[in-house]
Protein chains: 2
Amino acid sequence: MNKYQRIAQEVKKRIIDKTYSSDDPIPDEISLASEFRVSRMTIKRALDTLVSEGLLNRKRGHGTFIVKSVYNGPVNVVVNEMLGLTNVLRGKEIKSKIIAFDVQFPSEEVAAHLFIDANSPVYHVVRLRIVEGEPYVIERTYMPTKLISGITEQVLHGSVYKHIKEELGLNIVSSHRTIRASKSTELDWEHLDCGADDPVLEIEQVGYLDTGIPFEYSFSRHRYDKFVFTTVNRIR
Amino acid sequence: MNKYQRIAQEVKKRIIDKTYSSDDPIPDEISLASEFRVSRMTIKRALDTLVSEGLLNRKRGHGTFIVKSVYNGPVNVVVNEMLGLTNVLRGKEIKSKIIAFDVQFPSEEVAAHLFIDANSPVYHVVRLRIVEGEPYVIERTYMPTKLISGITEQVLHGSVYKHIKEELGLNIVSSHRTIRASKSTELDWEHLDCGADDPVLEIEQVGYLDTGIPFEYSFSRHRYDKFVFTTVNRIR
DNA sequence: GAGTGGTCTAGACCACTCA
DNA sequence: GAGTGGTCTAGACCACTCA
């Protein structure tokens, strides 16, 4: 662990256990640099991470303050790591039901999002994800077979991301998402066990490897009463 | 504008007009530092902003690469600045219809989110926002009267955020949002001009000042066919 | 004027990748 | 071994806030 990570962790601890009062600013950067025996830039970097997590905010010429709402219940979890349901719901029992699994030529839309041509086959997977016995999400995923090889029913019953990372040795670095509300369809009624007038929360996603190449294009349709999405936005 | 902002802008321009090929890495940090006559740390900072916008990704020991999908249509706009509809839709004609405007004692829920007690009055505002003549969003907003003073019908017909910044001299720094799909209600049918089985995309938001104090608690209900929300997520 | 955070420098050493 | 980005230093000067 780097210095700035260790310092961020320590300062976070002091915020949570109220070593630092939320009425006064936390110690200034020069004092912290001297306490931790690092340069001021390193302190700055450590505090940057806490600011982006929504725990601190800074005011030039004034000081660095604890965001009041930190004490107002549990700290809001930023959903930056939300790639793969298996990771989000760690500790809960997740089962998958495979509704469709085949290989096909991509539609124009899929080809464009995966940055491949119309002749490159893709896996087409539709999975129902069941959390603690309750239907939760229907995921429709397209992945180029050339890039993501070795997908089997067994892999689909576990975590596809784990397969990509551990078996294929590829690094997933980012995803672009579009979130929308959508009317439910027959497929939703059947598998998500929802009413005809229940909406679903749909997330369209393109996932990228560290090479910059997209490896998946997916649509996840969530039960509207079981899923919300939260973000923290900082104004620049 | 700072050096790192100018450099980020220039590099972005070169990515978009294809001065830099997406097949090779862009010039290394030391070359860029020498070209722009700045230190390497400043180049790093400039590139950091483009990485977080999803245009570049870096690979230690290898180089800095253009994310392929940058050419795949218009650049994805990151919705970090999306505080206030007036800002998001700059250039479009936005009208507001005031559906409700009163002062009340907060419910338990509102008081908790605004971090005030049950005896502190709040403004309660329901506005329909009309974009280019089409109903778009219904916003229900609660703001403490003590903190956000001087709200009038005239202010509500314009931008509340502008009033907060320019008239009250307060700095808005962040917001916490929860996004969900929701069934439409009678109020939606009437004002958003939507069908009984149309869903809406609801965003629940707490907005914060730079003091860390929440200044608004709001629910925005968007027509599902007129609004999507996009994010770029980096895996840590 | 004293104290704060924001930007920037010119270097150092390191970890990783590729040939 | 050569080249890349990651971390870190010890300073400098500046903009802003408050008294």
Side-chain angles (χ1 to χ4, degrees), chain A residues 1-11 20-21 23-52 55-67 169-171 173-174 209-213 234-236, chain B residues 1-11 20-21 23-52 55-67 165 168-174 209-212 234-236:
Chain A
M1 193 178 271
N2 298 319
K3 288 190 187 180
Y4 75 89
Q5 290 169 324
R6 270 195 301 102
I7 293 167
Q9 206 172 52
E10 173 60 24
V11 172
Y20 293 145
S21 155
D23 296 326
D24 305 311
I26 70 167
D28 65 89
E29 297 178 347
I30 292 169
S31 309
L32 287 171
S34 125
E35 182 198 336
F36 289 104
R37 296 171 189 281
V38 297
S39 72
R40 191 176 149 223
M41 286 298 283
T42 300
I43 292 296
K44 224 172 240 304
R45 180 133 187 212
L47 298 184
D48 277 345
T49 70
L50 299 181
V51 167
S52 79
L55 268 76
L56 293 177
N57 67 63
R58 292 193 270 216
K59 212 172 169 182
R60 186 196 291 215
H62 198 171
T64 300
F65 295 84
I66 297 169
V67 171
L170 300 174
N171 291 314
V173 293
S174 70
L209 300 177
D210 58 4
T211 51
I213 297 172
R234 299 251 129 208
I235 313 306
R236 285 181 277 229
Chain B
M1 191 178 272
N2 298 319
K3 287 190 187 177
Y4 75 90
Q5 290 169 323
R6 270 195 300 103
I7 293 166
Q9 204 173 53
E10 173 60 24
V11 172
Y20 293 145
S21 155
D23 296 326
D24 304 312
I26 69 167
D28 66 89
E29 297 179 347
I30 292 169
S31 309
L32 287 172
S34 124
E35 182 199 335
F36 288 104
R37 296 172 189 281
V38 296
S39 72
R40 191 175 149 224
M41 285 299 283
T42 300
I43 291 296
K44 221 171 243 307
R45 180 134 189 211
L47 297 184
D48 276 346
T49 69
L50 298 182
V51 167
S52 80
L55 269 77
L56 293 176
N57 66 64
R58 290 193 273 215
K59 212 172 171 182
R60 186 199 289 218
H62 198 169
T64 300
F65 296 83
I66 297 170
V67 171
K165 276 185 266 185
L168 301 178
L170 300 174
N171 291 315
I172 300 170
V173 292
S174 70
L209 299 177
D210 58 4
T211 51
R234 300 250 129 209
I235 314 306
R236 283 181 277 225

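OP1 or OP2 of C/dG5 lies within a sub-4.0 Å distance of a side-chain N or O belonging to A/Thr64. Contact check, B/Tyr4 against C/dC8: no side-chain N or O comes under 4.0 Å of OP1 or OP2. Not one side-chain nitrogen or oxygen of A/Arg58 sits closer than 4.0 Å to the OP1 or OP2 atom of C/dT4. Not one side-chain nitrogen or oxygen of A/Thr42 sits closer than 4.0 Å to the OP1 or OP2 atom of D/dT7.
DNA chain C is contacted by both A/Lys44 and A/Gly63; A/Gly63 maps to the nucleotide lying nearer its 5′ end (nearest heavy atom per residue). Each of A/Met41 and B/Ile30 was matched to the nucleotide of DNA chain D holding its nearest heavy atom; the match closer to the 5' end belongs to B/Ile30.
In this structure the side chain of B/Glu35 never reaches within 4.5 angstrom of the side chain of B/Glu10, judged on heavy atoms. Looking at heavy atoms from C-beta onward, A/Val11 lies in side-chain contact with A/Tyr20 at the 4.5 angstrom threshold. Counting heavy atoms from C-beta on, the side chains of B/Leu56 and B/Ile66 come closer than 4.5 Å.
Within the model, atoms CG of B/Leu32 and CD1 of B/Ile26 stand 5.5 Å from one another, a figure rounded to the nearest 0.5 Å.
Considering all non-hydrogen atoms of both residues, A/Phe36 and A/Ile43 come closest at CD1-CD1, 4.0 Å. Contact record, A/Ala8 with A/Leu50: O-CD1, 3.7 Å, taken as the closest heavy-atom pair.
Side-chain atoms of B/Arg40 come within donor-acceptor range of the base of D/dG6, with a qualifying N/O pair under 3.5 Å.
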Restricting both atoms to N or O, compile the protein contacts to nucleotides 14-19 of chain C shorter than 3.5 Å, with distance only.
residue, atom, partner, partner atom, Å
C/dA15, O4', B/Arg60, NH1, 2.6

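The side chain of A/Asn2 lies closest to D/dT7 when the candidates are D/dT9, D/dT7, C/dC8.
Pair check for C/dC18 finds D/dG1; Watson-Crick or G-U wobble, both atom distances under 3.5 Å. With a cut-off of 3.5 Å on both Watson-Crick or G-U wobble distances, the partner of C/dC13 is given as D/dG6.
Looking at heavy-atom distances under 4.0 Å, A/Lys3 makes contact with sugar-phosphate atoms alone, never a base.
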